Number of protein chains: 2
Amino acid sequence: MGTPQLTKNQSLVMGALAHSDGPMSAYTILDKLRDHGFRAPLQVYRALDKLLEYGLVHRLESLNAFVACTCPHEHEHDHGVTAFTICEGCGQVTEFHDEAIEERLSSLVRTQNFKTEKTTIEIRGHCKSCA
Amino acid sequence: MGTPQLTKNQSLVMGALAHSDGPMSAYTILDKLRDHGFRAPLQVYRALDKLLEYGLVHRLESLNAFVACTCPHEHEHDHGVTAFTICEGCGQVTEFHDEAIEERLSSLVRTQNFKTEKTTIEIRGHCKSCA
DNA sequence: TCGCACACGTTATAGCATAACGCAATTGAT
DNA sequence: ATCAATTGCGTTATGCTATAACGTGTGCGA
Ligand SMILES: [Zn+2]
Ligand SMILES: [Zn+2]
Ligand SMILES: [Zn+2]
Ligand SMILES: [Zn+2]
């Protein structure tokens, strides 16, 4: 169960995100794709749902926006917990992963008898250039 | 610079959140406070802004909702990084803090020369009762 | 051929958040 | 006391984010 062939709409949305230098809201994506026949938000949201499911795209909860995954590996398996730094100045988003945090969180949560389904870690601040 | 005396609107919003058994959206708070004279979203959002600033309330980014802080200490100083488990079943939210995660994140971010302003950690899943 | 799953298109609606205006009360110099 | 600056408040209007509900078409296995 790898990543299926993307449909036309999914490819268009994926392309828009991949070629963007920062996160995009669904409505920004919609505007970028009007020339390709997109007319309504649902066309974007439906594609995003699938791309999120396939792990090709991440949602930034604190921005209500989306970014293409920058993971090196080929999305053959779920990458674990994903964390982001988000610069308030230039909008740059950096994705990173850390086993130590993942294990520590998992251990803390286990003491609550809580079953994790999705973990959000987002760090807002200023990048080196924007400090 | 502790927590100033709350204004009437701030107290009403704080009370609504404190007596709720789960997170509330700004519009839900508005509805709860109509009997107390609230008429417009801005009355809620302005109070929330202050309560967030004072550290009495937290915003859950993945829910677009707000919860009263459950920290034991008296909010005399910023508590560090705040994390939440959020049950998809019953809506229960649990706030917790962990030095180890805080330090690990801070160290990872330092390697990017990134200046952290606010950290969001939210774990969605199912609590013991809803498993 | 029938039934089902899935992607798609469209319209309408729901839910979340802020802009912009004006007014009133408070504070804290001068 | 007076003026200016700050802060809170109320109202209207607007903008941004996300989903509901309905119908269409296409592919595919029973
Ligand atoms: Zn990724
Ligand atoms: Zn930057
Ligand atoms: Zn707290
Ligand atoms: Zn639960």
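On a predicted model such as this, the values are computed, not experimentally measured, just so you know. So you know, we letter chains A, B, ... as the sequences are listed, proteins then strands, and number each from 1.
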Say whether B:Gln112 and A:Thr85, considering side chains only, have a donor N or O and an acceptor N or O under 3.5 Å apart.
yes
Roughly how many Å is it from CD in A:Gln43 to P in D:dT19, rounded to a whole number?
16 Å
Between C1' on D:dT12 and CZ on B:Arg39, what's the gap in Å once rounded to a whole number?
12 Å
In this structure, are over 12 heavy atoms from other groups packed under 6.0 Å from B:Lys115 atom NZ?
no
In whole angstrom, give the distance that lies between atom CG of B:Asn9 and atom P of D:dT11.
11 Å
note: A:Leu63, atom CG; C:dC16, atom P; distance rounded to Å ~ 18 Å
Determine the minimum heavy-atom distance between A:Arg34 and A:Arg39, stating which atoms define it.
NH1-O, 3.6 Å
Could you tell me the separation between the CD atom of B:Glu61 and the C1' atom of D:dT17, rounded to a whole number of Å?
14 Å
Selection from C:dT10, D:dG8, C:dA7 that lies nearest to any side-chain heavy atom of B:Thr7
D:dG8
Nucleotide D:dG10, atom P - distance to CG of B:Leu12 in whole Å
10 Å
Under 4.0 Å protein heavy-atom contacts per nucleotide of nucleotides 17-24 of chain C, with B for base, S for backbone only and - for none
BBBB----
So if you build clusters from Ile, Leu, Val, Met, Phe, Trp, Tyr with side-chain heavy-atom gaps below 4.5 Å, do A:Val44 and A:Leu56 land together?
yes
If only atom types and distance count, is the side chain of A:Gln43 paired as donor or acceptor with the main-chain N or O of A:Phe38 below 3.5 Å?
no
Measuring from B:Leu52:CG to B:Lys118:NZ, what's the distance to the nearest 0.5 Å?
8.0 Å
Going only through I, L, V, M, F, W and Y residues with side-chain contacts under 4.5 Å, is there a path from A:Ile86 to A:Met24?
no
For the residue pair A:Glu122 / A:Ser62, report whether a side-chain donor-acceptor contact shorter than 3.5 Å exists.
yes
When the distance from CZ of A:Phe38 to P of C:dA7 is rounded to whole Å, what number comes out?
14 Å
With a 4.0 Å limit, can you tell me whether A:Lys8 has a side-chain N or O closer than that to the phosphate oxygens OP1/OP2 of C:dC8?
no
5'-most contact on DNA chain C: A:Ala40 or A:Ala47, nearest heavy atom basis?
A:Ala47
Figure out the CE/P separation between B:Met24 and C:dG15, and round it to whole Å.
15 Å
Output, in order, the C-alpha distance, side-chain angles, deciding distance and verdict of side-chain contact (heavy atoms from CB on, under 4.5 Å) for B:Phe114 and A:Thr94.
CA-CA 10 Å; B:Phe114 189 93; A:Thr94 304; over 6 Å; no
Kindly state which residues belonging to residues 14-23 of chain B come within less than 4.0 angstrom of DNA chain C, counting heavy atoms of the residue only, listed by number.
none
